[in-house]
Structure formats: C-alpha cells, structure tokens
Peer 1: 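Pasting a structure here, questions to come.
All heavy atoms count here, side chains included; hydrogens, waters and symmetry mates do not. Throughout, residue positions are numbered sequentially from 1 according to the sequence presented.
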Amino acid sequence: MISLSKMVKGKATVSKALTYKSDEHIPKKLMELKESLRPVVVWNVTARCNLKCRHCYAHTEFDGEIDKKTALRLVDELNGLATLVLFSGGEPLLRGDIFDIASRCKVQKALSTNGTLIDGDTAEKLKEVGFSYVGVSLDGLKEVHDRFRGVDGAFERAVEGLKNVESVGILNGVRFTLTKFNAYEVDGILDLCEDLEVDRFCLYHLVPSGRADFSIDIPNDLRRRVMDELFERAFEFEGEILTVDNPCDGIYFCLKLREIDEDLAYRAYEFLKFRGGDRSGRNLVNIDPFGNVHPNQFWWDYSCGNVKERSFKKIWFNDGLLKILRGKWNLKGRCGRCAYKEVCGGFRLRALRAGDLWGGDPSCYLSDEEISKNVFE
C-alpha cells in the first residue's frame, strides 16, 4: 500500500488515523510495525453477495462458512495480535451477526463493502460498534460501474451509502480496481470523490484471482499514464490517494518527485523504506469465509491452515510459506536485476500467476534504464 499523498505532501490522513495515529516519530512507529509480525487481517466474513462483479476474487459457494461461536473465538485471538481487522466479503453486511462479531473486535477495524446496503440506520450501527473506516467499492461512474458490478442501480446505492457513512462521521473512502473496463474513468472518479468530500481514494492494481485473470488487466504503458494522472492530482486532492498491490508505484512516484524537488523525493524514498514493498505474509494476512488462512486475500489457492482446527496464532507463526515470504527473497528476471528490489520487490502473487513466485512482476512499468541504478542511495 503506497500513500501517494504522504509522499508528495507529507499528509497521510486516513493511514495516519488507522495505522500510526500521529505524525510524530512515524519512521520509528512504522519500523516497529514492520518488525513486529503483527498483521493487518483481511477477514472475508462471508461469501454471500448481492452483486455480480466481473473481477471478484471471492466468488465461491458459501456453504461451510465459520459459525458465530468460531468467529467470536477468532476475534478474541485477533484482539491480542492484529493491528487492524478489515471486515470484507462477499458483502460483509449480508452476514446477520456482523455487528455482534465487530463489536467484540477491540483493535482498529474497517469495513470493505459495495455500499449498497448502507442506509442511515446501518451507518449508525457501524459507528456504534466502532468501525474507524468504511471503504466503498466504485469501479467507474454510473454506466461503467453498474455494468462492471452486474446490477443496475448499484452505483447510485453505493454513492448513497458513502454519503450515509460520512453523515455519521466515520472516515470513508472509495476503492477502485483498475482494469481495461475502467482505466479511463479514474479522473471522473477522483472528481466524484472531491464532490463527495471522501477521505481516501484507493486504487487497486488487478491481481488475477477468482473471476479475474490477466485478460482484463491493462498494458503497462497505459498503467504508467494512469499513475501520471494520479501523481498530478495528488498535489491538490484534499483527501488521501493510495495505490495497492503494485510496489513499483512507490519507486515511480519517487522518481517523478525527484524531477520537481530532490529533497522531497529523498524524504519520500526514506518513507518508502518503511511503508513500501509487498507485505503479504509479513504484516498482511487473509482469513476466508470458511476459516482458511492465506498470505493475502487473492491467494486462496494456498491455505496456511484453518482456524476451525488450529489457533490463528499457531498458523500465523508456523506456516512454511509465510516463513519463506518473511525471509530473504531470491528474486529473478527484471525484479532480480532491479536496483530497487530491496525497497520494492514486486508483488509476489502476481509473479506467481505469471509463472514464477520469484520471477518478475508483469505489472512493473518501470523502464530497464530506470531500474538499472538506484539514484537515491
């Protein structure tokens, strides 16, 4: 997760509130989190959903979801280990006991939702049980979003949900997954975010999983142009702009900053040392609706274990793949040759989907010249 706003303006807003609370001693706080093996937990509490999204990684049957008793026991474990729990789905608000489970969660908690079920009463309940942040998925303006999500009216209901969340004073944001269907919608969605005064715009690069594969991704020349657009908007955007699942974004933004303000670029690069890179299995983990634990929410073809059978703590500290991801990476291809590999390293699951866990990340859009020398060290 790369906070572009923090890099260009020194302003983290939502990230500051959720992760390290204050700007004071941020490098120290980030280092403590980085080294602690205390994870951000993405918990898909249900596979049920009321939409039919073309890129859904969680598209599956919902028989066998963990019951309430198991869920509450799991929450008690996470209270002593996690830094943040992100409740996701499917659509998490379709789980009937979601508020009972969430109220038991004493660490920072956020909600990832399609927004269509958040009326005024639901927004009040979200505040009552202590959600610090609600992220609503919008993958384009009305026509594109509704087509992408497979249900007419999804856009208007999602926007209404965002407004309801804002009205009760919960930090809120828009989650946007970049694909060939919506790459030209970014500017319009940013305008909408400004109109709605949302606190965060979060752009996810596509990770082939579930219904999504490389066929709906965008070419890297277009990806680079979209990042240029985000970079330009970040200086004036009132909220926070983040990108997710493509660590090379941080390097690219530093290189662009260097053309404008070399001191600022070096400060951004120092921040990137603490905040950059793929944290899957290191400080990020996923629990699916059935209790299986995965290195991240897109890696459902590998299970580290199941919380119905073993404690989350034992799984988190003892799984073989998680230990490998926390060790020294023997990178190959362009990632192996890259001068920034210690700070970036590519997104490992995407490299695996392309054929080799330690190979090059196919979504890296940096040129061979750019990766040949680290200009910051």
Side-chain angles (χ1 to χ4, degrees), residues 4 14 48-59 88-94 110-123 126 133-168 170-207 210-213 215-219 222-223 225-230 232-234 236-245:
L4 174 56
V14 177
R48 299 169 189 265
C49 195
N50 57 334
L51 301 184
K52 304 169 185 177
C53 307
R54 298 186 65 171
H55 68 317
C56 181
Y57 68 84
H59 172 59
S88 186
E91 170 47 54
L93 292 176
L94 285 175
L111 185 74
S112 175
T113 172
N114 62 42
T116 62
L117 303 179
I118 305 179
D119 57 18
D121 289 342
T122 301
L126 292 171
Y133 173 78
V134 174
V136 173
S137 296
L138 282 178
D139 291 300
L141 299 176
K142 185 180 187 316
E143 181 180 349
V144 171
H145 180 79
D146 285 1
R147 185 168 63 247
F148 195 63
R149 295 271 161 176
V151 174
D152 290 340
F155 176 82
E156 292 176 348
R157 291 163 62 192
V159 169
E160 189 64 25
L162 263 173
K163 292 178 179 177
N164 288 330
V165 168
E166 193 277 334
S167 71
V168 299
I170 301 176
L171 289 171
N172 58 87
V174 165
R175 300 158 56 88
F176 178 98
T177 300
L178 184 64
T179 70
K180 70 179 185 181
F181 304 112
N182 62 6
Y184 296 98
E185 295 276 292
V186 174
D187 206 44
I189 287 293
L190 285 169
D191 288 342
L192 177 67
C193 288
E194 290 189 314
D195 290 344
L196 296 176
E197 298 183 341
V198 302
D199 299 299
R200 169 190 277 180
F201 172 77
C202 190
L203 182 144
Y204 281 74
H205 293 267
L206 186 73
V207 181
R211 288 183 178 139
D213 57 33
S215 69
I216 67 170
D217 204 357
I218 62 173
L222 176 56
R223 191 185 313 279
R225 292 201 298 273
V226 172
M227 293 306 103
D228 288 341
E229 184 178 343
L230 278 188
E232 295 299 325
R233 292 291 297 261
E236 301 298 331
F237 190 76
E238 286 298 318
E240 183 178 19
I241 294 179
L242 280 87
T243 70
V244 183
D245 300 334

Peer 1: Identify the heavy atoms of R211 and K52 that sit nearest to each other, and give their distance.
Peer 2: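 Looking at all heavy atoms of both residues, the closest pair is NH1-C, 3.6 Å.
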
Peer 1: Check whether any side-chain heavy atom of V151 sits under 4.5 Å from a side-chain heavy atom of T116, and report yes or no.
Peer 2: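 A side-chain contact under 4.5 Å is absent here.
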
Peer 1: Apply side-chain contact (heavy atoms from CB on, under 4.5 Å) to the pair L222 and K180, showing each step before the final yes or no.
Peer 2: CA-CA 10 Å; L222 176 56; K180 70 179 185 181; over 6 Å; no

Peer 1: Which atoms form the tightest heavy-atom contact between G173 and Y133, and what is the distance?
Peer 2: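 Heavy-atom minimum between the residues: CA-OH, 3.3 Å.
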
Peer 1: Taking the side chain as every heavy atom from C-beta outward, state whether L242 and R200 have any pair of such atoms under 4.5 Å apart.
Peer 2: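 When only atoms from C-beta onward are counted, R200 and L242 do touch, with a gap below 4.5 Å.
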
Peer 1: When you check the gap from the basic side-chain N to the acidic O, do R157 and D146 get nearer than 4.0 Å?
Peer 2: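 Salt bridge: no.
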
Peer 1: To the nearest 0.5 angstrom, please state how far the NE2 atom of H145 sits from the SG atom of C53.
Peer 2: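 Between atom NE2 of H145 and atom SG of C53 there are 7.0 Å.
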
Peer 1: What's the spacing between D199 CG and E166 CD if we round to 0.5 Å?
Peer 2: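 Reported to 0.5 Å precision, the distance equals 7.5 Å.
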
Peer 1: Can you name the closest pair of heavy atoms from R233 and D191 and give their distance?
Peer 2: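 Reported closest heavy-atom pair: NH2-OD1, 2.9 Å.
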
Peer 1: What are the two closest non-hydrogen atoms of D139 and T177, and how far apart are they?
Peer 2: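 That would be OD1-N, 2.8 Å.
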
Peer 1: Looking only at heavy atoms, what is the nearest atom pair of C49 and G90, with distance?
Peer 2: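 For C49 and G90, the tightest heavy-atom pair comes out as CB-CA, 4.1 Å.
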
Peer 1: Quick one: does I216's side chain get under 4.5 Å of L206's, heavy atoms only?
Peer 2: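 SC-SC contact between I216 and L206 confirmed.
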
Peer 1: Answer with yes or no whether the side chains of D119 and T122 bring together a donor and an acceptor at under 3.5 Å.
Peer 2: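 Their side chains do contain a donor-acceptor pair, which is all the 3.5 Å distance test asks for.
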
Peer 1: Before accepting this row, confirm whether a basic side-chain N of the pair E143/R147 lies closer than 4.0 Å to the acidic partner's carboxylate O.
Peer 2: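 Judged by the 4.0 Å cut-off on N to carboxylate O distance, E143 and R147 do form a salt bridge.
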
Peer 1: Just wondering, do F201 and L230 contact through their side chains at under 4.5 Å, heavy atoms?
Peer 2: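 Yes; the side chains approach each other to less than 4.5 Å.
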
Peer 1: Taking side chain as C-beta onward, heavy atoms only, is V159 less than 4.5 Å from K142?
Peer 2: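 Not touching, per the 4.5 Å side-chain cut-off.
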
Peer 1: What is the distance from atom CD of E238 to atom SG of C193, rounded to the nearest 0.5 Å?
Peer 2: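 Taking CD in E238 and SG in C193, the distance rounds to 13.0 Å.
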
Peer 1: State, with a plain yes or no, whether a side-chain heavy atom of E232 is found less than 4.5 Å away from one of M227.
Peer 2: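 E232 vs M227: side chains apart.
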
Peer 1: Taking E185 for the side chain and L141 for the main chain, is one N or O donor matched with an acceptor at less than 3.5 Å?
Peer 2: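 Pair found, side chain donor or acceptor close to backbone of L141.
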
Peer 1: Spell out, as yes or no, whether a donor-acceptor pair under 3.5 Å connects the side chain of E91 to the backbone of L51.
Peer 2: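 Judged by distance alone, no pair lies under 3.5 Å.
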
Peer 1: What's the spacing between I189 CD1 and R175 CZ if we round to 0.5 Å?
Peer 2: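 One finds 14.0 Å between CD1 of I189 and CZ of R175.
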
Peer 1: How close do L111 and P92 get, counting heavy atoms only, and between which atoms?
Peer 2: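 Nearest pair, atom of L111 first, then P92: CD1-CG, 3.6 Å.
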
Peer 1: Below 4.5 Å, heavy atoms only, C-beta onward: do L162 and L138 meet side chain to side chain?
Peer 2: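 Contact flag for L162/L138 side chains = yes.
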
Peer 1: Checking L196 against N172 for the side-chain contact (heavy atoms from CB on, under 4.5 Å) test, could you report, in this order, the C-alpha distance in whole Å, the side-chain angles of both residues, the deciding distance, and whether it holds?
Peer 2: CA-CA 10 Å; L196 296 176; N172 58 87; over 6 Å; no

Peer 1: Under 3.5 Å, is there a donor-acceptor pair between the side chain of N164 and the main chain of I118?
Peer 2: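 The answer is yes, because a donor-acceptor pair under 3.5 Å joins these two groups.
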
Peer 1: When rounded to the nearest 0.5 angstrom, what is the spacing between CD in E160 and CZ in F155?
Peer 2: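 So the gap between those two atoms works out to 11.5 Å.
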
Peer 1: So L178 and I218, side-chain contact (heavy atoms from CB on, under 4.5 Å) or not? Walk me through it.
Peer 2: CA-CA 8 Å; L178 184 64; I218 62 173; 3.5 Å; yes

Peer 1: For side-chain contact (heavy atoms from CB on, under 4.5 Å), just list the numbers for L117 and L94, CA-CA rounded to whole Å, side-chain angles, deciding distance to a tenth of an Å, and then say yes or no.
Peer 2: CA-CA 9 Å; L117 303 179; L94 285 175; 3.7 Å; yes

Peer 1: To the closest 0.5 Å, what do you measure between CZ (F148) and CG (N182)?
Peer 2: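 That separation rounds to 5.5 Å.
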
